[in-house]
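Here is the structure we will look at, set down as structure tokens.
Every heavy atom of this structure was used, including side-chain atoms; hydrogens, water molecules and symmetry mates were not.
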Amino acid sequence: FAELVLETWDLQCERNGREHRTAEMGCRQLVVRRGQPFTITLSFLGRTYEEGVDKLAFNVETGPCPVETSGTRSHFAVTDFPEESGWSAVVQQQDGDSLSVSLCSPPSARIGRYSLTLEMSTGYQGSSCHIGDFVLLFNAWHPEDSVFLRDEDERCEYVLSQQGLIYQGTRDYITSTPWNFGQFEEEILSICLKLLDTNPKFLRDQDQDCSRRNDPVYIGRVVSAMVNCNDEDRGVLAGRWDNHYEDGMSPMAWIGSVDILKRWKKFGCQPVKYGQCWVFAAVACTVMRCLGVPSRVVTNYNSAHDTNGNLVIDRYLSEQGVEDRRSRDMIWNFHCWVESWMARPDLAGGYDGWQALDPTPQEKSEGVFCCGPAPVRAIREGDLQLKYDIPFVFAEVNADVVYWVVQRDGSQKKSIHSSVVGKNISTKSVGKDSREDITHTYKYPEGSEKEREVFAKAELETRSLREEDEGLHLRIKLTEGANNGCDFDVLAVINNNTDVERVCRLMLCARTAGYNGTVGPQCGMKDLLNVTLAPREDKCVPLRVLYEKYRESLTQDNLIKVVALLTEYQTGDVIVAVRDVYIQNPEIKIRILGEPMQNRKLVAEISLVNPLADPLSNGLFVVEGAGLTEGQQIKELEEPVEPQAQVKVRLDFVPRQAGLRKLMVDFESDKLTGVKGYRNVIIAPQPQ
């Protein structure tokens, strides 16, 4: 027999992409999921492949120093039946000169970019040919993959969906902001692989790093560290929280991860300015979904940042209700992190499933700014000694807050205040645009027997400050929505639940605030020295907050913190109530003109009314949506938008993919920033 000569080959990117659910990554490269077969076609010159005479074998290699012992290289012959434990190649069918071969990786293979070489031999003659590269991803559809997720709707949401909602605002006024994860957009996969190759563990020991890339726990930890740049590790995002973002992008202005990741690559892996927690979490979610790990962004309201590990957050207030920064401990209005779904064979049984990963740089873990993966179940059970970083996340959802009122003479009085931390933990529902509350996965119901057990295990006092029915009560209420550009009222509601008259002093103070707990100048104040409450009486005391007072100091987080202090003269007891008021931005209206169809021009009309008393200058709309718009579209406004005037723009684009898509819009200007809107668009498939 003459030597077998390979003439052409086809990696069948399109067909394999469809079968492996990676088609949206484009058909220019082969992207497959581990443990699932993919087919390639080989065509030979002059004669056909003869079984028993010709021997075919493949080499797959990943990383800069591939070795079999590290699992980064494999050599395997074409056989009659698939190999269970390793890589395998099986002849599928022979048709004239062409041969279809089905290749399959083990479900525990290292993920990443592989090179594929074919070796052919006939008798003593042999040759080899490099037939291309492919990328191997985690496979949530394979029962033996450590990221296997049973439910198909969940796999669609947490691996395949390129768009979602992230929850922000306050515990009393939860808002959702649209986000374009865009994990299948052009270049994103190669950027995610570059991120793995830029991480310090890879640069320290390339062989060891690549050999650990079969483990989603390891990958999650690397991604959590690489999304922030606090370790001089050429991480993706720089964090900033001080409302000065002039030399970069305001964290409020992003509406997707794609632009951020592309900027990082374009500027030589320099950190992109700027991110805050939801931006860090969303970018990490994009990277994890892109690599095939089911992931979602979650938001914890009233999130504690406990720096000294005592699970108590001490806050100090002056008698006027002004915060005194003598503790580094903070309560964030909300805090976002990522949950990724994976098995934890490194821990005893029972900790598989959702793991918390927090890429926002807060505290170091093993010397690096990263956090997790922490099994959500271990957080709920109070198993603080398990890997990784469980005490920190446990504190975020469970710490106790104590308010100390510092009197004129410097003495401190502990106030009465009910538990506030770890509320309404939220994520987008599967397959629809509503909020799913997942607080019960992090903690047992407050006051339950189970909660007491967990607190005992964590060596914590259960909160003794359950509100007693007796005595004085104080809360802050909002009359109706607080809209940007308008005055609004907040009410201090006082109840005297006793049979005697009480005489008190009431202090009410409003200040602009950041979502991470920092406060700015005062924008409203009331001090009543003589509030008399008859037995069982309820009283409402209003405080009017004026736009002219908050307009200059409102941060881009749109928050005003209202603090009320009620001091009873007879006992000297102080009751504190705190409420964060979210100042609502105007609505962005989006109209779609015409019938949306794949590969056909579509027009969107976008409008917004300026609610402020000032004109808006340097206005611009940013529009994006995976599968809808090619990258980002930016429409700058030539004229300022006068007070109460409507601005309307038209954009046209050609949707590349059929199905349900989100068109997302962000509006920026000098006085109004981070205004978001979205619209679901159903794109009909192109007629064949």
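There is a side-chain donor-acceptor pair under 3.5 Å between S429 and S434. For the residue pair Q92 and T39, a side-chain donor N or O sits within less than 3.5 Å of a side-chain acceptor on the partner. Between the side chains of E24 and Q162, at least one donor N or O sits under 3.5 Å from an acceptor N or O.
The closest side-chain heavy-atom distance from V159 to R33 is below 4.5 Å. With contacts defined as side-chain heavy-atom distances shorter than 4.5 Å, the pair R113/V135 qualifies. Counting only heavy atoms from C-beta outward, the side chains of L357 and V223 never approach each other to under 4.5 Å. The shortest side-chain heavy-atom distance between Y167 and S176 falls under the 4.5 Å cut-off. Taking the side chain as every heavy atom from C-beta outward, C290 and M25 approach each other to under 4.5 Å. Looking at F280 and V338, their side chains never come closer than 4.5 Å, going by heavy atoms from C-beta outward.
If you run side-chain contact (heavy atoms from CB on, under 4.5 Å) between Q93 and each of S98, S102, S100, only S100 comes through.
Geometric assessment of R296 against the ring of W354 yields a positive cation-pi assignment under the 6.0 Å and 45° thresholds.
Scanning both residues, T122 and A2, for their nearest heavy atoms gives CG2-O, 4.1 Å. The minimum heavy-atom distance linking I255 with V622 is given by the pair CD1-O, 3.6 Å.
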